Amino acid sequence: MAAILEVSGLHAGYGAADVLDDVSVRVEEGGITAVLGANGAGKTTLLRAVCGLIRRRGAVRFAGQDISRAQTEDIVRLGLAHVPDGRGTFLQLTAEENLRVGAITRRDRAAVAGDMERVFGYFPRLRERRAQQAGTLSGGEQQMLAIARALMLRPRLLVLDEPSFGLAPLVVQDIFRIMRAVNEQERVSILVVEQNARLALDLAGEACLLETGRVVLSGPAARIRDDDTVRGAYLGY
Amino acid sequence: MEAFLHQLVSGLAAGGIYASLALALVMIYQSTHHINFAQGEMAMFSTYLAWTLLQAGLPYWVAFAATLGISCAAGMLIERVLIRPVEKAPVLTVVITFIALLVIFNSVAGWVFTHTVKVFPSPFGAGLLPRNPFMSPHEFGSIVVTLAVLVLLYAFFRFTPLGLAMRAAALNPVSARLSGIRVGRMLALGWGLAAAIGAVAGMMVAPVVYLDPNMMAGILLYAFAAALLGGIDNPLGAVVGGFVVGVVENLMGAYVIGTELKLTVALVLILGVLLFKPAGLFGRAVVTRV
Ligand SMILES: Nc1ncnc2c1ncn2[C@@H]1O[C@H](COP(=O)(O)OP(=O)(O)OP(=O)(O)O)[C@@H](O)[C@H]1O
Ligand SMILES: [Mg+2]
């Protein structure tokens with residue numbers, strides 16, 4: 001099967017020191033890959049490196065193209081949407097303006113209007129709050145808005161950094177249900193970083209585990225989920 | 001009563017100029033968090049450019065449009081060549097760059113165009129408006145032009161995708177990049193727009209204060225007061241602040257302190273705002289949850 005995203009031998013970091021050491025990750029076309037790991041393991045750093053936000057070295061291929069030297073803006077335009085750590089909401093813009101920013105590089109105006117309706121279908125709450133300043137939305141609503149904004153790009157790959165962070169269990173379930181729907185119905189591939197290992201492993205087909213900047217384990221999510229030693233040693237449940 | 005109305009209208013006309021220049025300051029502040037001290041001198045230089053084009057025989061509005069275009073391009077160039085390299089430098093470096101820009105424009109203008117005061121024409125003619133003894137045609141025209149600029153800018157930022165992209169880039173550069181926005185270009189465009197707005201202000205004020213290399217010094221101070229009064233990161237506040245400063249300055253000058261002390265009004269306002277309400281009258285409309 002073809003990979004939509006293929007990272008191999010990636011080194012990346014801030015300033016002089018590398019945080020990531022020889023990291024390799026794959027997302028299959030139409031698949032979901034989860035990245036697990038403790039605080040400070042380098043998960044956010046990995047996503048930033050993939051999008052070209054920080055210094056990096058190694059091979060990164062997206063949709064058949066080498067993006068290891070590409071600018072963030074160009075990578076996004078190839079169809080990679082990134083919901084960053086902290087959500088990256090434009091707090092002073094309205095919810096609807098946030099969504100329009102998500103689609104700002106697209107030229108197919110009519111389809112954009114249709115997609116706005118489609119994301120409102122996933123997140124009815126956002127339709128009610130479309131004219132509201134995004135900074136005044138609740139945490140859960142802001143997370144929905146962040147995912148909706150990313151979907152407005154009509155991405156081929158959706159990259160999510162801890163979508164469950166700080167949310168009530170019911171909202172988390174809702175968001176994971178929508179991620180599954182987006183993946184199954186729209187064939188959007190997903191790369192997701194998640195602290196909640198159980199949820200992530202249920203959602204994902206593949207998973208990898210980062211520890212202090214290295215991949216210590218990777219493979220089918222089901223196998224990692226069902227391996228008691230791994231669970232005990234790394235996942236803590 | 002008529003004298004009072006006349007002062008009021010003059011205040012509004014001047015206020016429109018301050019509002020435009022204040023808006024230019026705010027636009028650059030929003031994306032760089034610095035005050036462009038050279039904004040006034042850039043406007044002055046644009047006005048000399050317009051004067052040169054007029055001397056060459058171009059019709060007024062052709063020269064006007066050409067000046068806007070060239071100023072915009074020059075503003076973008078300045079951002080690329082001078083400001084981009086110090087983007088991440090310490091505050092003092094940036095401030096010194098701005099001041100260097102101010103001095104350079106001022107001296108080059110003096111060198112090229114001499115310090116002799118020049119008359120700059122108004123496109124609206126001289127004399128008085130028919131049946132309207134308290135307003136000169138230029139005051140009326142200048143209010144209309146500045147209001148038109150403000151409305152156009154509002155519509156641009158509010159309703160066009162490019163305007164939205166520029167706002168997004170200023171508010172959250174990283175998120176903007178992650179949405180595919182070329183943030184560097186948006187910053188340059190912001191400088192271009194600010195320069196063009198300044199050019200309008202310069203061309204509208206020059207018939208009143210006459211053209212010379214120091215013509216914008218006082219006006220920049222008023223604009224600065226206006227921007228601070230409205231809240232330095234609030235475009236609407238800057239515009240309202242501009243009109244308030246214009247009217248207050250004129251009425252104070254006419255009835256309270258005399259024209260010699262008018263500039264003091266701006267300084268007192270600046271100090272007052274900084275001391276008592278640093279966020280400006282309109283604060284900042286960011287509502288964040290606590
Ligand atoms: N902007 C930065 N500048 C310097 N070092 C950083 C920066 N961001 C992260 N780091 C360092 O990189 C390492 C990995 O951080 P990263 O944010 O990638 O961890 P993470 O796995 O996402 O953790 P968490 O689960 O807490 O979000 C940490 O040691 C951190 O201190
Ligand atoms: Mg993280």
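For the numbers below, each heavy atom of this structure counts, side chains included, while hydrogens, waters and symmetry mates do not. The chains referred to below are lettered A, B, ... by the order of the sequence lines, with proteins before strands, and numbering in each begins at 1. All figures in this text were calculated on a predicted structure; none of them were measured in a lab.
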- prompt: Using non-hydrogen atoms and a limit below 4.5 Å, what part of residues 179-191 of chain B faces chain A?
  reply: B/Ser179, B/Gly180, B/Ile181, B/Arg182, B/Val183

task: Check whether the side chains of A/Thr44 and A/Asp161 place a donor and an acceptor atom closer than 3.5 Å, and report yes or no.
output: yes

- prompt: Do B/Ser46 and B/Ser71 have side-chain N/O donor and acceptor atoms under 3.5 Å apart?
  reply: yes

- prompt: Checking heavy atoms, do the side chain of A/Arg106, its backbone, both or neither come under 4.5 Å from chain B?
  reply: neither

Proximity of residues 152-161 of chain B to chain A, residues having a non-hydrogen atom under 4.5 angstrom: B/Arg158, B/Pro161

- request: Decide whether A/Arg77 and A/Thr105 meet the rule of one side-chain donor and one side-chain acceptor closer than 3.5 Å.
  value: no

query: More than 12 heavy atoms of other residues, nucleotides or ligands under 6.0 Å from OH of A/Tyr122: is that the case?
result: yes

field: Student check: side-chain heavy atoms of B/Ile197 and B/Leu21 closer than 4.5 Å
entry: no

- prompt: With distance as the sole criterion, is a donor-acceptor pair present between the side chains of A/Ser164 and A/Gln195 under 3.5 Å?
  reply: no

- request: Check whether any side-chain heavy atom of B/Leu25 lies under 4.5 Å from a side-chain heavy atom of B/Leu220, and answer yes or no.
  value: yes

- prompt: Can you check whether B/Ala168's main-chain N or O pairs, donor with acceptor, with B/Asn172's side chain at less than 3.5 Å?
  reply: no

task: Could you tell me whether a side-chain N or O of A/Arg87 sits under 3.5 Å from a main-chain N or O of A/Ala146, the two making a donor and an acceptor?
output: no

task: Of all the heavy-atom pairs spanning A/Val112 and A/Ala103, show the shortest one and how long it is.
output: CG1-CB, 3.8 Å

